[in-house]
Amino acid sequence: MSEYKHAYISEIGKYEGQDVCIKGWLYNKRSSGKLHFLQVRDGSGIIQAVVFKGDVDPEVFENAGRITQETSIVVCGTVKEDKRSTIGYEIGVKDVQVIGESVEYPITPKEHGVAFLLDKRHLWLRSPRQHAILKIRHEIIKSVRDYFNNNGFLLIDAPIFTPSACEGTTNLFETEYFDEKAYLTQSGQLYMEAAAMAFGKVYCFGPTFRAEKSKTRRHLTEFWMVEPEVAYNDLNDNMDLAEDFVEYVVQQVVKNRRAELEVLERDISKLENIKKPFPRITYDEAIEMLNKNGKEAPWGDDFGGDEETVISEQFDKPVMIHRYPSEVKAFYMKQDPQNAKLALCVDMIAPEGYGEIIGGGQREDNMDVLLNKIQEHKLPEEAFEWYMDLRRYGSVPHAGFGLGIERTVSWICGLHHVRETIPFPRMMERIRP
RNA sequence: UCCCCGGUAGCUCAAUGGCAGAGCAUUCGGCUGUUAACCGAAGGGUUGUAGGUUCGAGUCCCACCCGGGGAGCCA
């Protein structure tokens with residue numbers, strides 16, 4: 001076996017006519033008397049290895065017929081072009097070596113329920129559909145990093161442990177930090193504001209945690225968020241950045257992960273259409289749109305999933321809704337100089353009912369106004385002393401936003417639930433495996 | 001926290017209040033081109049848990065446990 005060169009299935013075309021070995025696992029098997037068809041996967045792809053009784057030792061043929069699903073095997077043979085193969089090639093087997101047996105693998109090539117598959121998430125990752133989703137997740141994350149790295153942003157990692165709530169309202173996971181309490185971060189934003197005053201254009205990218213008891217297809221307790229922040233940007237600059245960024249990420253996936261989108265049966269034309277400019281409407285216009293479409297919405301209410309869906313259905317691109325009432329938004333949102341009841345904030349709602357993927361806006365840069373907001377929200381002033389320093393020492397207009405990775409993956413992949421968009425999802429009722 | 005749905009073989013599901021079943025998986029046998037292969041056979045059950053109604057409960061009633069979907073909540 002050692003004389004054969006190790007080849008990955010994704011690059012098998014380079015070895016046509018040569019003898020190679022594939023190191024992987026048995027995905028599925030079919031037999032036909034004097035033939036065994038072994039579907040072998042190695043992480044880079046799946047290839048059919050054909051064992052013909054007349055070509056190999058009787059012992060090799062016999063053993064090949066006994067290999068069970070997900071047994072790890074090294075398959076050696078000749079790479080042959082074959083039109084019947086979905087990847088264009090198959091292996092004419094000369095030898096098969098079993099590395100590790102797999103006895104009664106639980107995920108059979110038939111349908112299974114979500115609860116069962118989530119219990120077996122560590123094995124479910126081996127299936128082609130999960131490969132497609134997680135490769136697209138990889139592409140999205142790579143595109144996110146490339147976009148900011150290529151546009152003059154500096155990566156600044158935000159801490160995971162935080163001494164108190166960024167906004168004081170949401171449920172945080174509490175943990176012990178020596179002899180005091182600490183919380184898992186729900187956002188790196190306040191730290192990005194400090195970093196923007198130091199470096200101009202910055203972003204952070206990492207996990208965030210929310211302890212809300214939400215059981216919906218859009219919620220995880222642990223999820224990943226990318227948060228850019230730019231000094232001297234106003235709300236319009238922020239919306240320009242958001243749409244340029246989202247267009248780039250979507251188009252990179254369309255360009256580089258077409259095969260994976262096809263595995264998921266995604267309508268790619270809908271993604272190809274995600275090009276600038278994106279529609280921008282005010283909160284007031286959104287309220288009007290809701291009332292016109294039979295979804296009564298009083299001025300002053302925040303939008304839930306139903307409202308977001310009705311609005312997103314009016315467009316075939318992500319829509320940016322800006323200038324919400326200050327009351328429903330966080331304390332650090334800058335007050336609109338044209339109307340004190342409004343905040344200079346923006347949410348981006350993905351099309352096809354996928355909901356909010358971006359939330360952000362211009363930050364309050366006036367120290368007195370910010371102090372009032374902290375008091376109105378009954379937040380502990382001393383915890384925000386360092387944050388006030390950013391207004392005390394050379395305050396400038398600045399803006400930023402956060403994009404939720406899992407909701408973006410869910411939208412681009414066309415999934416029903418965010419739980420498949422992350423390798424090991426953490427939800428209200430599920431922390432294992 | 002609230003509302004809705006569900007829990008039967010390893011998995012996906014069926015069973016009018018009357019013998020607990022099928023497909024897949026597993027094991028054995030057959031087939032030279034299979035594509036969730038096919039054909040034949042075998043093994044496999046505390047029907048989520050605990051009560052109750054009934055001659056008789058997987059099925060009806062009550063409580064609880066677990067899961068799924070949604071709401072609230074969630075920049």
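Every chain is numbered from 1 and lettered A, B, ... according to where its sequence line falls, protein lines coming before strand lines. All figures in this text were calculated on a predicted structure; none of them were measured in a lab.
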Sticking with atom C1', work out how far rG6(B) lies from rG48(B), rounded to a whole angstrom.
11 Å
Side-chain donor-acceptor pair present, Arg121(A), Gln130(A), cut-off under 3.5 Å:
yes
For rU46(B), the Watson-Crick or wobble partner whose two distances fall under 3.5 Å
none
Please measure how far the C1' atom in rA41(B) lies from the corresponding atom in rA25(B), and state the result in whole Å.
16 Å
Whole-Å distance, Arg426(A) CZ to rC74(B) P, equals 24 Å
Partner of Ile412(A) under side-chain contact (heavy atoms from CB on, under 4.5 Å), chosen from Thr408(A), Leu415(A), Val409(A)
Thr408(A)
Assign Met427(A) to base, sugar-phosphate, or nothing according to its heavy-atom contacts below 4.0 angstrom with the strands shown.
nothing
What about Tyr332(A), does its side chain sit under 3.5 Å from the base of rA75(B) through a donor-acceptor pair?
yes
Opposite nucleotide pairing with rC2(B), Watson-Crick or G-U, both atom distances under 3.5 Å:
rG70(B)
Nearest-nucleotide pick for Glu212(A), side chain only, options being rG69(B), rC73(B), rA36(B)
rC73(B)
I'd like the C1' distance from rG7(B) over to rA14(B), given in whole Å.
15 Å
Donor-acceptor contact present, side-chain Lys201(A) to main-chain Ala196(A), <3.5 Å:
no
Could you work out the separation of rG10(B) and rG45(B) based on their C1' atoms and round it to a whole Å?
12 Å
C1' gap between rC3(B) and rA42(B), integer Å:
47 Å
Looking only at rG70(B), rA75(B), rG68(B), the nucleotide nearest the Gln186(A) side chain is rA75(B)
Can you check the Met428(A) CE to rG68(B) P distance for me, whole Å?
10 Å
Counting only side-chain heavy atoms from C-beta out, which of rG70(B), rG68(B), rC74(B) sits nearest to Leu118(A)?
rG68(B)
Who does rA22(B) pair with, Watson-Crick or G-U, both distances under 3.5 Å?
rU12(B)
Determine the interatomic distance between C1' on rC55(B) and the same-named atom on rC60(B); round to the nearest Å.
16 Å
Between Arg430(A) and Pro106(A), which is nearer to the 5' end of RNA chain B once each is assigned its nearest nucleotide?
Pro106(A)
Going 5' to 3' through nucleotides 24-33 of chain B, assign each nucleotide B (protein heavy atom under 4.0 Å from a base atom), S (under 4.0 Å only from sugar-phosphate atoms) or - (no protein heavy atom that close).
SSS----BBB
Within the 4.0 Å heavy-atom criterion, would you say Arg363(A) contacts the bases, only the backbone, or no part of the nucleic acid?
nothing
Hunt down the Watson-Crick or G-U wobble partner of rU54(B), both distances under 3.5 Å, from any strand shown, or write none.
none
Spacing of CD belonging to Glu104(A) relative to CD belonging to Gln69(A), to within rounding of 0.5 Å:
11.0 Å
How many Å lie between CG on Asp119(A) and C1' on rG67(B), as a whole number?
9 Å
Rounded distance (Å) that lies between atom P of rU34(B) and atom CD1 of Ile91(A):
20 Å
Hey, which of these two, Met225(A) or Lys29(A), hits RNA chain B nearer its 5' end, going by closest nucleotide?
Lys29(A)
Salt bridge between Glu62(A) and Arg66(A), side-chain N to carboxylate O under 4.0 Å?
yes
Between rU8(B) and rA57(B), how far apart are the two C1' atoms, rounded to whole Å?
14 Å
Base of rA36(B) paired with side chain of Gln39(A) (donor-acceptor, under 3.5 Å)
no
Measure from CZ on Phe303(A) to P on rC73(B) and round the result to the nearest Å.
14 Å
Distance, rounded to the nearest Å, where His219(A) contributes NE2 and rA71(B) contributes C1':
11 Å
Between Phe116(A) and Trp124(A), is a ring pair (Phe, Tyr, Trp, His ring centres under 6.0 Å) present by the stated rule, with each step listed?
CA-CA 10 Å; Phe116(A) 174 77; Trp124(A) 191 18; 9.7 Å; no
Measure CG/Leu172(A) against C1'/rC73(B) and give the value in whole Å, please.
14 Å
Measure from NZ or CZ of Lys329(A) to the centre of the six-membered ring of Tyr324(A) and say whether it is under 6.0 Å with the direction within 45° of the ring axis.
yes
Interatomic distance, Glu308(A) CD vs rC74(B) P [rounded to whole Å]:
13 Å
Is there a donor-acceptor pair under 3.5 Å between the side chain of Asp389(A) and the backbone N or O of Arg392(A)?
no
Determine the Euclidean distance between corresponding P atoms of rA63(B) and rC2(B); express it in Å to zero decimal places.
13 Å
Is Glu406(A) salt-bridged to Arg137(A), going by a charged N under 4.0 Å from an acidic O?
yes
Does the side chain of Arg30(A) get closer than 4.0 angstrom to OP1 or OP2 of rC38(B) through an N or O atom?
no
Taking the minimum atom-to-atom distance to the side chain of His417(A), which one of rA75(B), rG69(B), rU34(B) wins?
rG69(B)
Proximity to the side chain of Ala115(A) - top-ranked nucleotide from rG67(B), rA71(B), rU12(B):
rG67(B)
Counting only Watson-Crick or G-U wobble pairs whose two distances fall under 3.5 Å, which nucleotide matches rG40(B)?
rC28(B)
Classify the nucleic acid contact of Asn28(A) as base, sugar-phosphate or nothing, counting any heavy atom under 4.0 Å across all strands shown.
sugar-phosphate
For the rings on Phe303(A) and Tyr283(A), is their centre-to-centre separation under 6.0 Å?
yes
